[in-house]
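Any value given below was found using the heavy atoms of this structure, including those in side chains, with hydrogens, waters and symmetry copies removed. In what follows, every chain begins at residue 1, and chains take the letters A, B, ... in the order their sequences are listed.
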Amino acid sequence: MSGTACVCQEIECREIEIDYNQLDKIIRDDYGGNKETMIMMMQAIQRVYRFLPEAALKYLSQVIDVPLTKIYEVATFYASFSLEPKGKHILTICTGTACHLRGSGGMVRHIAERMGIEPGKTTQDLKLTLETVNCVGACAVAPVAVMDEKYYPKATIATLNDFMDRLDAE
Amino acid sequence: MRVLNIILNGKAVTAREGQTILELAQENGVFIPTLCHSPALEPAAMCRLCTVQVIEGGRAKFVTACNFPLRRDAEIRTDSPEVRHGRKLIIELLMARCPSSPELQRLAVEYEADLTRFSSLNDDCVVCGLCTRACEAVTGKTLSLAGRGTAIHVSTAFAKISDFCIGCGACVQICPVQKISMEDVDGERHILLHGKIVSQVKLPRCKSCGKYFGPVIDLEKVMDRMGEHLIPPPNADTCPECSRHNLAVKLGKRYFEQYGVFREEGQADAG
Ligand code: SF4
Ligand code: FES
Ligand code: FES
């Protein structure tokens, strides 16, 4: 990741510095500045900042000439977009039917308690975002946890604790 | 253009290809209740109230009349027991969201809706999306729908006071449940959504009488859209009343110069 997003470790400071050259590169060079590819541009912006900063969306709105409200509409419609800063690591626990039956609810509660966050939220130090999802399509190996896009079948509280220990050590 | 043979509530009628069921019904004097439809805007089929039954090629299905384009010969039932049953449920759901709408209250009585069935959300917005579509149509760029599913709501971008509102009031006028209001206070026009200010637009002051006036439509942009880029808009700094008055006086003077009979305001009739 290019060091443009200032994801400060300071609890109070969540200022994000926007690199407009980089934004220009995404919007104009990578996607031709064409409003039809707006969603892909938003995905690319989210990859850089791990969320969609307001200032970046304002700039996007000006460059591709789409009203900011429309962009906001899209950003709030898709669950994969976030308007709030996300953690450096993302832990997703499946709470679909099969995983639920195999006790994923307890795993969610355990992590929520250990990290002091509600599901869907991010720790103050922006290290971890805890998310839940309804079925990732791997019910046979339930319960499933996904840590930074890597899938862990038959996850247990011990597996999760391992992650958290590693995070704490970081 | 292809002409389609349609059976509308048992009566044979003809439709134009591509015409919506709602248009056809209206042409034939058949009433279908609607909440989110305006003939001036693109249909969005948000409220589902206009749901009717269509039988095309032997298959029956429920569709929303306001945005369903007719492409084949079909039979349409707008008031069958099945349709009424479904509509009753839709009314019950809408009433839970917005119990204060007189239109819905009337429908609830007509369809004998059970108003205890769903717990009331009392949000007082039916999420018809008319205001957002109207705003977009006037290039207001202020209101849009945000969120999805049960969390869907009307909002400005980032729920902040908008910089783009032109204060036209189209949203206020079109809202079927009067949830958007507008007030002019101290030279500013405020648009209020659910009682909360979502935009503040400066009103211009009339050069002649000194009164604030609106709407504050950016006339330069209007001139642009009319293809008269950079041409200064006429009378932009005079309120409509003064503009009319000034023009009347001007025309009157010209008339006087030609025919010699002109009275300033208040002067006695010279006979
Ligand atoms: S008054 Fe403002 S918010 Fe309402 S339709 Fe006009 S531009 Fe949009
Ligand atoms: S329920 Fe978890 S993978 Fe299907
Ligand atoms: S009028 Fe057709 S869905 Fe609302």
query: A:Ile71 versus chain B, heavy atoms under 4.5 Å apart: side chain, backbone, both or neither?
result: neither

- request: Could you tell me which portion of A:Leu68 (side chain, backbone, both or neither) has an atom closer than 4.5 angstrom to a non-hydrogen atom of chain B?
  value: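 Answer is both: backbone and side chain atoms of A:Leu68 are under 4.5 Å from chain B.
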
- prompt: Does CD belonging to A:Glu118 count more than 12 external heavy atoms closer than 6.0 Å?
  reply: no

Enumerate, by atom name, each donor-acceptor pair separated by under 3.5 Å where one atom lies in chain A and the other in chain B.
unit_1  : atom_1 : unit_2   : atom_2 : d
A:Glu54 : OE1    : B:Lys160 : NZ     : 2.8
A:Glu54 : OE2    : B:Lys160 : NZ     : 2.9
A:Thr69 : O      : B:Ser144 : OG     : 3.0
A:Thr76 : OG1    : B:Gly147 : N      : 2.9
A:Phe77 : O      : B:Arg148 : NH1    : 3.2

